[in-house]
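Below is one structure; the comments refer to it alone.
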Amino acid sequence: MRQTVIYHELWLVSERDESARFLTFNPRKNLLAGTNETGKSRVLKHLAWALGGEPSTRIAGNWDINIAASVVLSIGKQRFTFMRMGRDQRAAFDGDGKLLLATEDAQTWAKFFAHTFDFPLKLQRHQEGKFALAGPEYALLPFYIDQEGGWARKWGNFLRLSQFARWEPVVFESFLGLRPQRYFDAQLTRDELVFKLRELRLQAKVQATAYQHVKAMLPASDASLDESAFAKELHDVASQVEALIDDENKVRTDLFEIAQERQELTGQLQLAARAEQDMVEDLAYLSKYPDDAQLNCPTCGQAHGLSFRAKVELASDANEAHQLFLTVRAQLEKLSKREEGLRSKLSSVTRQMDSVRLSTDRRPGQAGIAEIVAAKSLATIEQAYGQTRQQLSESIEDLDESRGELQAELDALTDAERVKEVRAFYKAAVKSCADRLGIDRAEIASVKIGARPAMGAGSSGPRVYLAMHMAMLETNAKFGSGPRFPFIVDTPRQQGLDDPNTGRLLSAVYGHAQAEQIFIANESVPIDWTPPQDCTVQTFTEKRHFLREEEYRAGVEQLAPMVEAMREAIGAERERNAEIAAEGESVELTDLDEDAVDVDEDEDESGD
């Protein structure tokens, strides 16, 4: 049975600022109304953050990075409290306040999240053969449109979406129900087997190459051989080659990640530069007019009052934009230095590979493999290589058989008719949502599952993304599986919608979005628009004073027992991790001591 999640309460407590804020929510529909910097987006970001997600620009401005967030929610009929402090401290409590888990480890939290919300989806890391649980961001993504990252061409609702490779098809096909959950589990297992098969075949190829080199250096006559020395040197060569291949793969993976990060930072740099330029030009434009003058806005056509304070705030914003530009540029410079170091390391690995290759070409009379090979007959060499080849062949056959079985299961789980039906339903849902949101059909012609089309011209551009999310929720309700979170839409009034159109947009979301609970943050309640009867409107009016000093004491009293329990459990976790690390170091030192004893005994025997 699918789990439905409802948010009930939110506490935000800042010990640094000695202020707090407590909010309760309607279990059906919620509208957070307020102009920019009044805190409505803070509320929505921290709902996702408390569950383990990393929404973009959560700590922008002078926000306390060590704030404590506590969310009371229900999963089905069960109540829980999720808490988060600082960057890594996370905890969950049951309805009676009993601690279920407290941890600083992201993987431990991902396992708990997967079990609690029935979201076991795994994704592949950029390093081939490495897989991990998807985590909160990917479960929340279809249900969350962030103010800063949710209305853009690229998926940017959360900061760490790029930690996995090619994640979009898996996440959205699973969410929409194109294939059953077992398909993705089997696909993951198959991919793991394919990676192991590739590794084994590469190992077999390396050993076959080494064998051919050894065979070419054998003399025609028979000779005696120190078998242990030969086996050791052959093993060392193969191990060295495998280690170099691993190093090369890791460096290339790091370079690929740097390329992606550079592209993202370059985009941020361009965006910051444009923002700074716009603000400087606006400031220059305003400086031409005296204070308290009336200006006709060239964008909206309305008259606005001008004040000295407005000029100062704009100058401050321009300075902040410049500082952001300098910060991003410094990050790019640091990234370039890191890339230079990696390319130097790649060159070093290549030189070592060349050195190993040359070492296997040495002829009898020189040091190394050639001298060992010259001491043994071809028959003995073939026997040693044959045993290794046989073991590898058996392992490859076993894995290949398992891979074939999984592929057959994947083929059986792929229902072409169902895939066709789901795709057609999603396409129809996008069109239906587009009609309700007033979007021209031409702007949704290129919409595909999991992909975000280029934004169209005019005010309907961002609404295409809203239509996509609503269509995904509708398709998921009919065909999909997994948890159903509240639908969060932060600032849908993009590109200057007027009140009548904004009202129609809100009605479309509240009336047709397939979600048990809906949150919308908007600059205001549109004139002549009446909220639904089951909708609670919360208004935010104070800029940059979202947290309240008068609520701090109550917040501390409410959260203190849970914070104490969380810190105590995390302290115990740190102690366990330290003990495990110490045991590992102890084992290594013991091995070194035993090696030293062996050397001493050998020296004593040679002395006798």
When you measure from the side chain of [X] to the backbone N and O of [Y], does any donor-acceptor pair fall under 3.5 Å?
X	Y	result
D17	S19	no
Q89	G86	no
T116	F113	no
Y510	N30	yes
H126	S162	yes
Q517	Y7	yes
E551	F22	yes
Q538	T24	yes
K431	R441	no
K40	G34	yes

- Item | Contacts of type side chain to side chain contact (heavy atoms under 4.5 Å, CB included), residue L265, not counting sequence neighbours |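 L265 satisfies side chain to side chain contact (heavy atoms under 4.5 Å, CB included) with E261, Q268, V328, Q331, L332, L335 only.
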Could you report the tightest heavy-atom contact between [X] and [Y], atom names first, then the distance?
X	Y	answer
F119	G135	CE2-O, 3.6 Å
K543	N36	CE-O, 3.2 Å
L176	M472	CD2-O, 3.5 Å
D490	W151	O-NE1, 3.0 Å
A554	W11	C-CH2, 3.9 Å

Is it true that [Y] and [X] share a donor-acceptor pair across their side chains at a distance under 3.5 Å?
X	Y	result
S74	H8	yes
T502	W529	no
S41	Q147	yes
R125	Q163	yes
T266	R262	no

Side-chain heavy atoms of [X] within contact of [Y], under 4.5 Å:
X	Y	result
M83	M566	yes
P486	V5	yes
F540	E37	no
V43	L23	yes
L505	N522	no
F479	F425	yes
V171	L121	yes
E9	F25	no

- Looking at F485, F175, F143, F164, which hits ring-ring contact (aromatic ring centres under 6.0 Å, His included) with Y138?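 The passing option is F164.
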- Item | Single hit among Y144, F172, Y465 for ring-ring contact (aromatic ring centres under 6.0 Å, His included) with W155 |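 The ring-ring contact (aromatic ring centres under 6.0 Å, His included) with W155 is passed solely by F172 among Y144, F172, Y465.
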- Message: Taking the ring centre of each residue, are F93 and F80 less than 6.0 Å apart?
- Response: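 F93 vs F80: aromatic centres not under 6.0 Å.
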- Please confirm whether W63 and H46 have ring centers closer than 6.0 angstrom.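 Here the rings of H46 and W63 have centres that are less than 6.0 Å from each other.
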- Message: With side chain to side chain contact (heavy atoms under 4.5 Å, CB included) as the test, pick out the partner of R58 among I65, D146, L159, I67.
- Response: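 Only one of I65, D146, L159, I67 forms a side chain to side chain contact (heavy atoms under 4.5 Å, CB included) with R58, namely I67.
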Look up atom [atom1] in [X] and atom [atom2] in [Y], then write down how far apart they are to the nearest 0.5 Å.
X	Y	atom1	atom2	answer
L101	D94	CG	CG	12.5 Å
N501	D499	CG	CG	9.5 Å
L32	E523	CG	CD	13.5 Å
S14	E549	OG	CD	10.5 Å

- Item | Test salt bridge (Lys or Arg N to Asp or Glu O under 4.0 Å) applied to R21 and E542, step by step | CA-CA 13 Å; R21 190 68 178 266; E542 295 184 69; over 6 Å; no
- Query: In terms of side-chain geometry, is the basic nitrogen of R160 or E137 positioned less than 4.0 Å from the acidic oxygen of its partner?
  - Reply: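 Yes, this pair counts.
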- After noting the C-alpha distance and the side-chain angles of E148 and K45, does the key distance pass the salt bridge (Lys or Arg N to Asp or Glu O under 4.0 Å) rule? CA-CA 11 Å; E148 286 77 22; K45 290 177 186 292; 2.8 Å; yes
